[in-house]
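Because the structure is a prediction, the values reported are computed rather than measured. For the single chain, residues carry numbers from 1 onward in sequence order.
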Amino acid sequence: MKVIIQHNSMIPIYEQLANKIKTMIIENEMKEQESLPSVRMLAKDLKISALTVKKAYDQLEKEGFITTIHGKGSFVLPVNKNVKKEEMLVTIQEELEQVIQKAEHSGISKEELQKLILMILEDE
């Protein structure tokens, strides 16, 4: 599983991981019933805490993207892509609203914020 964690991001590591896995599921990079790496294996690969991976998996399970079967692992659930994509858009909107508020409180103008977002998008 190719996941890049940005340790200097304002987004917690478990959310970055959960969001990446959600994206992979929605974009059909991970198929229904496909198994996810074990918590310990993914933690070791990403050089992060197993508790962080567990928290990401718990969030994904709560949101209906995966299921965990004790002793067998975690697996991708069938996804209604339109519903799940809408959920992701709502989540992203909420996160962007928080970023905008932080920028406003920090004296960053809308124009500066737009330039920053465009710069980040160009880098991807």
Side-chain angles (χ1 to χ4, degrees):
M1 178 181 300
K2 293 184 179 181
V3 177
I4 297 173
I5 300 297
Q6 297 178 348
H7 294 279
N8 60 348
S9 172
M10 291 173 32
I11 300 170
I13 292 173
Y14 81 93
E15 282 186 35
Q16 291 180 50
L17 179 57
N19 289 340
K20 176 58 177 172
I21 295 171
K22 278 191 246 185
T23 300
M24 292 171 73
I25 293 170
I26 288 172
E27 293 179 355
N28 215 26
E29 292 177 40
M30 295 187 76
K31 311 283 187 215
E32 179 180 336
Q33 297 301 319
E34 183 175 337
S35 64
L36 280 74
S38 72
V39 169
R40 288 183 184 182
M41 181 186 300
L42 189 55
K44 182 180 176 186
D45 289 348
L46 297 176
K47 295 178 177 62
I48 60 175
S49 164
L51 292 173
T52 301
V53 175
K54 176 77 169 99
K55 191 170 182 178
Y57 280 17
D58 288 347
Q59 179 178 329
L60 290 165
E61 190 162 13
K62 180 181 168 189
E63 294 177 12
F65 284 94
I66 67 170
T67 187
T68 301
I69 302 169
H70 185 71
K72 295 196 179 205
S74 298
F75 302 89
V76 176
L77 289 173
V79 177
N80 176 333
K81 291 182 183 177
N82 292 332
V83 170
K84 295 302 176 186
K85 188 170 185 177
E86 185 62 32
E87 287 180 18
M88 283 190 64
L89 287 171
V90 168
T91 300
I92 291 168
Q93 179 179 344
E94 290 169 354
E95 291 172 2
L96 285 172
E97 287 171 352
Q98 291 175 358
V99 169
I100 291 168
Q101 284 180 343
K102 285 182 182 180
E104 287 175 351
H105 291 0
S106 300
I108 298 170
S109 70
K110 290 180 182 180
E111 293 77 20
E112 290 172 314
L113 188 57
Q114 286 176 328
K115 286 178 186 178
L116 178 60
I117 291 170
L118 289 173
M119 183 181 72
I120 292 168
L121 290 172
E122 288 173 0
D123 288 343
E124 293 195 8

Just verifying a value: how many Å separate [X] [atom1] and [Y] [atom2], rounded to the nearest 0.5 Å?
X	Y	atom1	atom2	result
Thr68	Leu36	OG1	CG	8.0 Å
Lys54	Glu61	NZ	CD	7.0 Å
Met24	Glu34	CE	CD	7.5 Å
Gln93	Leu96	CD	CG	8.0 Å
Leu116	Leu121	CG	CG	9.5 Å

Exercise. Salt bridge or not for Lys62 and Asp58, using N-O below 4.0 Å?
Worked result: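 Not counted as a salt bridge, because no side-chain N and carboxylate O are separated by less than 4.0 Å.
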For this session: With sequence neighbours excluded, tell me which residues meet salt bridge (charged side-chain N to carboxylate O under 4.0 Å, His left out) with Asp45.
Result: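 Salt bridge (charged side-chain N to carboxylate O under 4.0 Å, His left out) check on Asp45 returns nothing, list empty.
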Which residues satisfy the side-chain contact (heavy atoms from CB on, under 4.5 Å) test with [X], sequence neighbours excluded?
X	answer
Thr91	Glu95
Glu63	Lys22, Gln59, Phe65
Ser49	Leu51, Thr52
Leu77	Thr67

Indicate, with yes or no, if [Y] and [X] share a hydrophobic cluster defined by side-chain heavy-atom contacts under 4.5 Å among Ile, Leu, Val, Met, Phe, Trp and Tyr.
X	Y	result
Val53	Phe75	no
Leu60	Met30	yes
Met10	Ile92	no
Leu46	Tyr57	yes

For this session: Using a cut-off of 6.0 Å, state whether more than 12 heavy atoms not belonging to Ile4 lie near its atom CD1.
Result: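 No, the 6.0 Å shell around CD1 holds no more than 12 heavy atoms from other groups.
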Just so I know, are the side chains of [X] and [Y] near enough to count as touching, which here means a heavy-atom distance under 4.5 Å?
X	Y	answer
Ile66	Ile25	yes
Glu32	Val79	no
Leu113	Ile100	yes
Lys20	Met1	no
Leu42	Leu17	yes

For residues 104-112, dump all side-chain donor-acceptor pairs below 3.5 Å to protein atoms at least two apart in sequence or in another chain.
from, atom 1, to, atom 2, distance (Å)
His105, ND1, Gln101, O, 3.4
Ser106, OG, Lys102, O, 2.8
Ser109, OG, Glu112, N, 3.1
Ser109, OG, Glu112, OE1, 3.3
Glu112, OE1, Ser109, N, 2.8

For this session: Using modelled atom types only, decide if a donor and an acceptor are shared between the side chain of Lys31 and the backbone of Asn28 within a distance under 3.5 Å.
Result: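 Yes: the side chain of Lys31 pairs with the backbone of Asn28.
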